[in-house]
Structure formats: structure tokens, C-alpha cells
Asker: 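Let me give you the structure first, and then I'll get to my questions.
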Amino acid sequence: KLYCSANYLCFTTKMKNMCSAVVPIRNVAVMDRMEEETIPFGLHFVMKSKTSFIFSQLRHRDFVCDLVSTHLDRAKRISFEEADDEEFKKVQDSLSAALMNSFKQTIPQHAQAREVVKTHLWGLHFSEYGRGVSMYRTTSAMDLVLKGIPDSLRSELWLFSSGAVNDLQTNPNYYCRLVIKARTEVPLAVAEEIERDLHRSLPEHEAFQCDTGISALRRVLTAYAVRNPAIGYCQAMNIVCSVLLLYCSEEEAFWLMVALCERLLPDYH
């Protein structure tokens, strides 16, 4: 089955959980109708990443073609706002990369060996089923997730499996703007609650024993409080966010918080 929306093509097999794939229309580079003698009612998509998809027996092939063409034409006309003011650039320069890159912890040898094996298995999976948003989601991928995602791949896999990568790519500059707004627009009670919990966030990890981790955590939590005043801030959000910051950049961690609080677990907080 092939499902179409304004932004995605989503494929899934009739047998539940056997295989599925998501094709972001914005990432389509080339779209061709296949020759009827070769693949009846077929469409060939080539992505910007050079990945190819061929769908056959599309009874509504013309509709899919029109949908993709319309979206691509609209995307070409969109020019994202360029932020060039000095304050924005200061915020952008201050944003943290994944904290695990700067604060490396000693890992036991047996744990390192497991990481090497898991990374190798994911590499084999990527080579066979593709990588990124459009990777085929198969039962083998689910098995690999259950065995544990290696540290080096957590950011990448979390982003595309949660859909946060779409928010990240379609909302450039949004997070930095929120960080600036949060300086004056976070309610005092919310700001005080966040401050109380900052030093309770993974206190045993050296990244949160210094200003680098604490400041990054403060920026993400206050920015989210501005974005979603209905939630603002709840206890335990600091723990979730601090874990995300270990493996993801600050902006990535923000969009993962959005995905968790607003789509994946909307009633939790």
C-alpha cells in the first residue's frame, strides 16, 4: 500500500510490520513514469541522496505525480528567512554539540566490544536497506533496535525514527529565535522551577557538573517552555533532555523533545 500526504509518500506491505518506507517529497530529485512494458503503472523516484525507489501497480499514478510535482514546485518558491542580526549569531555560536564528544567517559572493554558489534550490524543493515528517513523499516531493523542502538548512531536513528528530522530541516533558525525569546518571555515561576532542576540532571556525569552542559540544558528547556506554554516545564523533562543532549546537538535535542511531548507521548506531561 502507498499512502500520500502533502509532504510524504509512505509505503507498507500488506503483511503487518514486514517492511515499510517513508519518502519525504522534499528530498525527491527526479521522478519518472516507468515504461508500461517494463513495470506497469510504475513510478521511479531518485532521491537527493541518490537512493532509488520504484513503485509498481499504482492505480492512481497520475495523482501521485501531480502531488509530488506540486509540492516540489512549491518548495522551490520557498526561501527560508536568513537571520543575520548580531544577537542571533551569538546564540548560534553558543549552541552545544553532542556532549559525549567533549566529555568522553571510560567504557569497560566488554562494553566497547558490544558497541563495535552493534555498529557493524547496523552498517550491514544500512548497506542493504538504505540509510536515513527513507531507510526500509523491516523486522530486522526492529530486532537491531531491541538489541540496543550504538552510541554513535543514537542521534541519527532517534531523529529520523521520531520524525524530528523533518521539523529540524523545515524550520531553520526556529530554535535560535526561541532561545532569544526565552530570555524575556518565560514566566518567572517556570524559570525558577527549571533552575532548581538543572543541577539534578544526571549530576554524576561530568557534562552536567560544568556550565557547558547546564547552559545547554537551560536553553532547551526554556525554549520549549516558550514554544509550548500549555506544558511549560514539568519535572523529569530535565532528565529526558539531559540524556538527549549527551548524544545530540542542542537543536536536535530540542526537536526530539517536541516529538516526545507533542506526538509520541502527548498526554504524558
Side-chain angles (χ1 to χ4, degrees), residues 2-11 20-31 45-53 64 67-85 88-89 91-99 101 122 126 129-137 141 149 152-182 216 219-220 223-224 226-228 240-241 244-266:
L2 185 68
Y3 301 90
C4 304
S5 72
N7 300 304
Y8 294 98
L9 300 176
C10 302
F11 167 81
S20 62
V22 176
V23 180
I25 297 176
R26 69 176 183 278
N27 290 344
V28 174
V30 178
M31 175 181 63
F45 295 97
V46 179
M47 312 302 288
K48 293 175 182 176
S49 62
K50 307 304 180 186
T51 305
S52 291
F53 293 91
V64 176
L67 176 72
V68 175
S69 297
T70 299
H71 181 90
L72 291 176
D73 288 342
R74 185 172 69 247
K76 290 176 183 177
R77 295 194 298 269
I78 295 175
S79 58
F80 293 121
E81 173 193 4
E82 290 292 332
D84 56 2
D85 58 275
F88 178 90
K89 288 181 178 177
V91 170
Q92 202 169 40
D93 291 341
S94 70
L95 298 186
S96 169
L99 294 173
N101 296 331
W122 274 103
F126 290 149
Y129 297 107
R131 190 166 186 166
V133 178
S134 299
M135 180 185 79
Y136 289 106
R137 288 107 191 275
I149 299 174
S152 59
L153 294 175
R154 289 189 177 189
S155 172
E156 177 184 349
L157 292 170
W158 287 349
L159 283 167
F160 79 69
S161 60
S162 67
V165 68
N166 179 64
D167 295 326
L168 178 67
Q169 292 177 354
T170 55
N171 294 280
N173 305 332
Y174 178 82
Y175 172 67
C176 287
R177 294 298 187 196
L178 281 183
V179 170
I180 294 171
K181 290 178 68 176
R219 285 191 292 268
V220 175
Y224 187 77
V226 171
R227 171 186 167 85
N228 192 343
V240 174
C241 188
L244 295 176
L245 285 168
L246 290 178
Y247 302 102
C248 308
S249 72
E250 200 172 311
E251 189 172 13
E252 290 169 347
F254 170 80
W255 286 115
L256 282 166
M257 288 292 292
V258 171
L260 283 169
C261 296
E262 299 176 16
R263 291 197 301 275
L264 301 176
L265 298 169

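Since we're looking at a predicted model, the values are computed, not measured.
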Asker: Please check if the side chain of Arg219 supplies one atom and the backbone of Val91 the other of a donor-acceptor pair under 3.5 Å.
Answerer: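 Between the backbone of Val91 and the side chain of Arg219 there is no qualifying donor-acceptor contact (under 3.5 Å).
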Asker: To check you understand the geometry: which heavy-atom pair defines the closest contact between Ser69 and Met31, and what is its length?
Answerer: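 Where Ser69 meets Met31 most closely, the heavy atoms are OG-CE, 3.4 Å.
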Asker: Can you tell me how far the CG atom of Leu153 sits from the CD1 atom of Ile149, to the nearest 0.5 Å?
Answerer: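 So the CG of Leu153 and the CD1 of Ile149 are separated by 8.0 Å.
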Asker: For residues Asn228 and Met257, determine if any side-chain heavy atom of one lies less than 4.5 Å from a side-chain heavy atom of the other.
Answerer: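 No; the side chains remain at least 4.5 Å from each other.
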Asker: I need the Leu264 CG to Ser162 OG distance, nearest 0.5 Å.
Answerer: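 One finds 6.0 Å between CG of Leu264 and OG of Ser162.
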Asker: Working to the nearest 0.5 angstrom, can you tell me the gap between Glu250 CD and Tyr175 OH?
Answerer: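 One finds 3.5 Å between CD of Glu250 and OH of Tyr175.
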Asker: Tell me the closest heavy-atom pair linking Trp122 and Ala141, and the distance in Å.
Answerer: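 Looking at all heavy atoms of both residues, the shortest contact is CH2-O, 4.1 Å.
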Asker: Ignoring hydrogens, what is the shortest heavy-atom contact between Ala182 and Ala223? Give both atom names and the distance.
Answerer: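 Looking at all heavy atoms of both residues, the shortest contact is CB-N, 4.1 Å.
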Asker: Can you check whether Ser96 reaches Leu245 side chain to side chain, under 4.5 Å on heavy atoms?
Answerer: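 The answer is no; the side chains never approach within 4.5 Å.
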Asker: Please tell me if the side chains of Phe53 and Thr51 come closer than 4.5 Å, counting only heavy atoms from C-beta onward.
Answerer: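 Touching, per the 4.5 Å side-chain cut-off.
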Asker: Please confirm whether the ring centroid of Trp255 lies under 6.0 Å from the ring centroid of Tyr174.
Answerer: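 When the ring centroids of Trp255 and Tyr174 are compared, they turn out to be within the sub-6.0 Å range.
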Asker: For Ser249, is there any backbone N or O sitting under 3.5 Å from a side-chain donor or acceptor partner on Glu252?
Answerer: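 Yes; judged by distance alone, with no hydrogens or angles, the pair exists.
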Asker: Let's go through Val22 and Arg137 carefully: what are the C-alpha distance in whole Å and the side-chain angles of both, what is the deciding distance for side-chain contact (heavy atoms from CB on, under 4.5 Å) to 0.1 Å, and is it a yes or a no?
Answerer: CA-CA 9 Å; Val22 176; Arg137 288 107 191 275; 4.2 Å; yes
Asker: Between CD of Glu262 and OH of Tyr224, what distance do you get to the nearest 0.5 Å?
Answerer: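 Glu262 atom CD to Tyr224 atom OH measures 3.5 Å (nearest 0.5 Å).
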Asker: Tell me the closest heavy-atom pair linking Phe45 and Val64, and the distance in Å.
Answerer: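 Smallest heavy-atom distance, with atoms named: CZ-CG1, 4.3 Å.
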Asker: Taking atom CH2 of Trp158 and atom OH of Tyr247, what is their separation to the nearest 0.5 Å?
Answerer: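 Those atoms lie 6.0 Å apart.
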Asker: Check the pair Leu9, Val68 against side-chain contact (heavy atoms from CB on, under 4.5 Å), reporting the backbone distance first and the verdict last.
Answerer: CA-CA 9 Å; Leu9 300 176; Val68 175; 4.3 Å; yes
Asker: What are the two closest heavy atoms between Lys48 and Val28, and how far apart are they?
Answerer: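 Closest heavy-atom pair between Lys48 and Val28: CE-O, 4.2 Å.
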Asker: As an exercise, state the distance from OH of Tyr8 to CG of Asn27, rounded to the nearest 0.5 Å.
Answerer: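 Rounded to the nearest 0.5 Å, the OH-CG separation comes to 8.5 Å.
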Asker: For a 4.5 angstrom cut-off between non-hydrogen side-chain atoms, does Cys176 reach Glu251?
Answerer: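 With C-beta onward as the side chain, the pair stays apart.
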Asker: State, to 0.1 Å, how close Phe160 and Val133 come at their nearest heavy-atom pair, and which atoms those are.
Answerer: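 Looking at all heavy atoms of both residues, the shortest contact is CB-CG2, 3.8 Å.
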